[in-house]
Amino acid sequence: MSGRSEVQILSPRRGSDYGADLSPRFLFRIGKIMAERYPFDQIESKWQKYWEENKTFKASDNLTEKPKYYILDMFPYPSGAGLHVGHPEGYTATDIIARYKRMRGFNVLHPMGWDAFGLPAEQYAIETGTPPAIKTAENIATFKRQIQSLGFSYDWDREINTTDEAYYKWTQWIFLQLYKKGLAYEAEVAVNWCPELGTVLANEEVIDGKSERGGHPVIRKPMRQWMLKITAYADRLLTDLDDLDWSESIKDMQRNWIGKSEGAEVNFPINGFDLSLKVFTTRPDTLFGATYMVMAPEHPYVQQITNPDQLESVEAYRVKAERKSDLDRTELAKEKSGVFTGAYAVNPVNEELIPIWVSDYVLMSYGTGAIMAVPAHDTRDYEFAKAFDLSIREVVSGGDITEEAFTQIEAGVMVNSATPDASFSINGLKPSVAIKKTGEWLEKTGKGKIAVNYKLRDWLFSRQRYWGEPFPILRDGDDVIPLSDSDLPLTLPVLDRIKPSGTGESPLANAKEWLEVVDPASGKVYKRETNTMPQWAGSCWYYLRFIDPQNNDQAWDLEKEKYWMPVDLYIGGAEHAVLHLLYARFWHKVLFDLGYVSTKEPFQRLVNQGMILGMDGEKMSKSRGNVINPDEVVGQYGADTMRLYEMFMGPLERSKPWNTSGIEGVYRFLNRLWRYFVNDEGGIIDLDDAQPDTETLTMMHASIKKVGNDLDALAFNTGISQLMVFSNHLRALNKVPKSALETLLMLLNPFAPHIAEEMWSLLGHSDTLAYKGWPEYDESHLVKDTVKLAVQVNGRVRAQINVEVDAAKEAVLELAFAQESIKQHVQGKTIIKEIVVPNRIVNIVVK
RNA sequence: GCCAGGGUGGCGGAAUUGGUAGACGCAGUGGAUUCAAAAUCCACCGGUGGCAACACUGUGGGGGUUCGAGUCCCCCCCCUGGUACCA
């Protein structure tokens, strides 16, 4: 970069607002403006090129030299819309920490990649004929260009892409591990079938009975699906949360999702059949209050036990329930529906015969698919009993069951709860105690047992799509034959045209040659799976591939894994708080059990960045027209300003609105810095080589301390504020000490690395700031000689005094009472108390 | 309904965790500079009263603890995110 004069010719402003006016007057104006703006575009491209050419940010594979720090972003799905200002928020935060940790002497792993399988590219292919691979590559190129324009310090040699064969080879390999461990199985599942999209959707992709994408209607249809047995890990996924450094709210979301509840399983013999209806309840204490039972419409016993004269109405109800989409279920949720089977069950505690009903308020997918109904102490049962005039019996006193169900566990006392022979009674107990006692009794008598249930369901792991990882299996009729490792990867066939099969199978059903595999020895024909894996698959383990991205022999090297794992800091959007993080944790635990990874959890510290809202305070969306384009911001203000502003807006984890004049503020800060310290010849102004004055020294060391502490706490906004305070202080000096300016640049470097590097080099340094040691602060410079104390009278500040640090109470009070304003407020009053908090405050209480 | 987080100037947000509320920035006002505007620089900037020193008041609302509360306790209101017939 040459001198300032050249800088003035090349305007950083894209001059569109000036039109074609080239009058002398206009040129004069341009000249003035340019003199006032620092040449960020030249500086930024210069340093980005420098970092790239020197591979400045390459993570070292020397696994012993330095302590490691693994800092990870949630890698993006490269959509056609390009980067959104929300993306760089998290990326900037991680980049600042990555740069900070490098300066702190860590070997930093900070990689980026692409979660590139997914429905949009496939839909685009169906609409336009463009192969998903082509469209995906284009999108990635755009994302990469945009991300690189912000000067992030990724180690690009480790870039990965989930749609690369070399990558998904190992995704398939992990699937085989799961399969071999018995954690992958096939099942006929009533799934969310969307005729419009020609695919089955996961629950999380269905919103109010419509597809999340496109809003098409969704109905339920049974299909053969791959499932992963995540429920086998439910308990570990729950308990291992405790040791993680994640926000409580995210941990709670996961806990709720796993939904562990403790209670009992109870068997109710069915009258006249050699069957018993098993139910799960969290309130075994209320067994004596069970006045009827309910089975889910899909319950296997329904047809068997239904009385012949009820058969017609039960069957009609069952069919109706089956057809109901989720939307219908929600809509009808307000009113309970159901039908009597004509059959009765025997309540094991009192031998009473109670009617068995069928209703869709009981779900087949939770517990046993049947419940004992205790209308007096369960709101749902209460509503149902009221609707169908079933009896309601109080077994916990303390509420008014003529009004509503009484559901409290700590209040209330058990009543009407003893077996006819009086051998078992819980009368008089608190429900919480009765729950335990009943559980023990059920175990002892064999009428039931203590049990635990989870809300978490097994993971529906197949999609009827082309653009996903093919399953590495062959099919021989109903038999499943896994491919051997040497047959991996099983690559996607290249299709001339991707179109729905129409049968509900994926477009792969159209690829006849790919689909059928002939065994050359026997001539036997096997078929491939037409389902592909969901998008979650690739993102479940990408953090492991970053450790060893080019390895062709194994998914990752075990030694490297031991060194780099766990991820020390993982930052991403809260939308992945549950599913992605739960699925990835599940795979990680499986890999841990198999000995492929050394930690039981993958992500030690997790932070969710808040959303960046539009200027109107609303969520950014095309329809609202409030979307901010990062390219425009970078073009107009530069990457350093963009980075700084995104961090200055407010705490990382909170949602906050974008504000264009706010960005002007940080832009002015960088401009002032440049303008003040860089002279007209493009060099640094004359600096003072002498030791800074006391005040400057204090400011300098206080800044080192505060910025460092704030970075450790991810409190970027207050760190930047301190940089502004420090720089304002330096600008007010007659002569700026060189050491102070150097310190400022080092502190600024993680936040605004381009301008920091440029000014650092203008100071005559030939090294990069990237590995410059982070400055150390000296506590002795932070200790002041005197301190300003507020003097309060009755809690109101009436004066301020300067005293020596740790001054004696007597001396402080003497000075305080000497103040005119204090005398005034104390005069003629009785002093009740004199409080002196050393170096903090004085409070005189009078009456 | 349930779970979690949050309500501080005109705006984004600070506040050493009980010790001078409003750091830093934006917007605004006044001044310098300019033929003029923009940019830049300086000053002011919660509200009410006062020429002023200053006084009163003020962190969603109401109570409480304390010499002292944005911060701790109790009750209530509002906003955001998650979840929803999970027995």
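Order of the sequence lines sets the chain letters (A, B, ...), proteins ahead of strands, with each chain counted from 1.
- Under the 30°/60° scheme for interplanar angles, the aromatic rings of Tyr645(A) and Trp658(A) are found to stand perpendicular.
- Distance check on atom P: G28(B) versus C11(B) gives 15 Å, rounded to whole Å.
- Across the P atoms, C76(B) and G68(B) are found 27 Å apart, a figure rounded to whole Å.
- Side-chain atoms of Ser261(A) and Tyr366(A) include a donor-acceptor pair closer than 3.5 Å.
- For Lys251(A) and G5(B), the NZ to P distance is 13 Å, given to the nearest whole Å.
- C11(B) and G25(B) make up a base pair, with Watson-Crick or G-U wobble contacts both under 3.5 Å.
- Distance CE (Met253(A)) to C1' (C3(B)): 10 Å, rounded to an integer number of Å.
- Taking only side-chain nitrogens and oxygens, Arg798(A) comes nearer than 4.0 Å to OP1 or OP2 of A55(B).
- Among the candidates Ile663(A), Ile720(A), Ile612(A), the single residue satisfying the side chain to side chain contact (heavy atoms under 4.5 Å, CB included) test with Met649(A) is Ile612(A).
- Anti is the classification of U34(B), since its glycosidic angle lies more than 90° from 0.
- An anti orientation is assigned to G50(B), its glycosidic angle lying beyond 90° of 0.
- A straight line from CG of Asn839(A) to P of G19(B) spans 14 Å, rounded to a whole angstrom.
- In this entry the distance linking CD of Glu575(A) with P of U83(B) reads 12 Å, nearest Å.
- Among U40(B), G68(B), A14(B), the nucleotide with an atom closest to any side-chain atom of Arg654(A) is A14(B).
- A distance of about 31 Å separates the P atoms of A21(B) and C78(B), rounded to the whole Å.
- Residue contacts shown for Lys656(A) are limited to sugar-phosphate atoms, with no base heavy atom under 4.0 Å away.
- Taking every heavy atom of residues 825-837 of chain A and every atom of RNA chain B, pairs under 4.0 Å involve His825(A), Lys833(A), Ile835(A), Val837(A), by number.
- Contact annotation for Ser359(A): no contact, since no heavy-atom pair falls under 4.0 Å across all strands.
- Pairing for C67(B) is with G19(B), a Watson-Crick or G-U wobble pair whose two hydrogen-bonding atom distances lie under 3.5 Å.
- Across all strands, Ser365(A) comes closer than 4.0 Å to no nucleic acid atom at all (heavy-atom distances).
- For Arg731(A), taking side-chain heavy atoms from C-beta onward, the closest of the listed nucleotides C67(B), C56(B), C41(B) is C41(B).
- Of the charged side-chain nitrogens involved, at least one lies within less than 4.0 Å of a carboxylate oxygen, so that Lys823(A) and Glu820(A) count as a salt-bridged pair.
- Ion pairing between a basic and an acidic side chain is recognised when a charged N comes within 4.0 Å of a carboxylate O; Asp242(A) and Arg255(A) show such pairing.
- With both ends at atom P, the span from C41(B) to A27(B) equals 12 Å, rounded to whole Å.
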Test side chain to side chain donor-acceptor pair (under 3.5 Å) on Thr786(A) and Asn802(A) and set out the steps. CA-CA 6 Å; Thr786(A) 62; Asn802(A) 279 304; 4.8 Å; no
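- Other residues, nucleotides and ligands contribute only 12 or fewer heavy atoms inside 6.0 Å of the NZ atom of Lys449(A).
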Base-contact (B) and sugar-phosphate-only (S) positions in nucleotides 20-25 of chain B, heavy-atom cut-off under 4.0 Å, - elsewhere: B--BBS
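- Residues Val349(A) and Lys447(A) form no side-chain contact, since every pair of their non-hydrogen atoms from C-beta on lies 4.5 Å or further apart.
- Among the heavy atoms of the strands lying under 4.0 Å from Asp252(A) are primed sugar atoms or P, OP1, OP2 only; no base atom is included.
- For the P atoms, the distance linking A43(B) with C24(B) amounts to 12 Å, nearest Å.
- Donor-acceptor pairing under 3.5 Å is recorded for the side chains of Arg457(A) and Ser365(A).
- Here the P atom of nucleotide C42(B) and the OH atom of Tyr676(A) are 10 Å apart, to the nearest Å.
- Within the 6.0 Å centre-distance limit, the rings of Tyr292(A) and Phe384(A) are counted as a close aromatic pair.
- No hydrogens or angles considered: nothing links the side chains of Asp285(A) and Thr438(A) as a donor-acceptor pair under 3.5 Å.
- If you take CD of Glu646(A) and P of G13(B), they are 14 Å apart, rounded to a whole angstrom.
- A23(B) and U8(B) have their C1' atoms separated by 13 Å, with the value rounded to a whole Å.
- With C1' as the reference atom, G46(B) and C42(B) are 23 Å apart, rounded to whole Å.
- Within the shown strands, U40(B) is the pairing partner of A32(B) under the Watson-Crick or G-U definition, both distances less than 3.5 Å.
- A 3.5 Å limit on both hydrogen-bonding distances identifies U83(B) as the Watson-Crick or G-U partner of G1(B).
- In terms of position along RNA chain B, the nucleotide closest to Asn256(A) lies nearer the 5' end than the nucleotide closest to the other residue of the pair Arg283(A) and Asn256(A).
- Rounded to an integer number of Å, the gap from Asp285(A) CG to A87(B) P is 14 Å.
- Only one option out of Phe40(A), Tyr38(A), Tyr667(A) pairs with Tyr637(A) in a ring-ring contact (aromatic ring centres under 6.0 Å, His included); it is Tyr667(A).
- Here the C1' atom of nucleotide A4(B) and the CD atom of Glu653(A) are 13 Å apart, to the nearest Å.
- Of the C1' atoms belonging to G25(B) and G19(B), the separation is 27 Å, rounded to the nearest Å.
- Along RNA chain B, the nucleotide nearest to Gly367(A) and the one nearest to Tyr645(A) differ in position, and the one closer to the 5' end is contacted by Tyr645(A).
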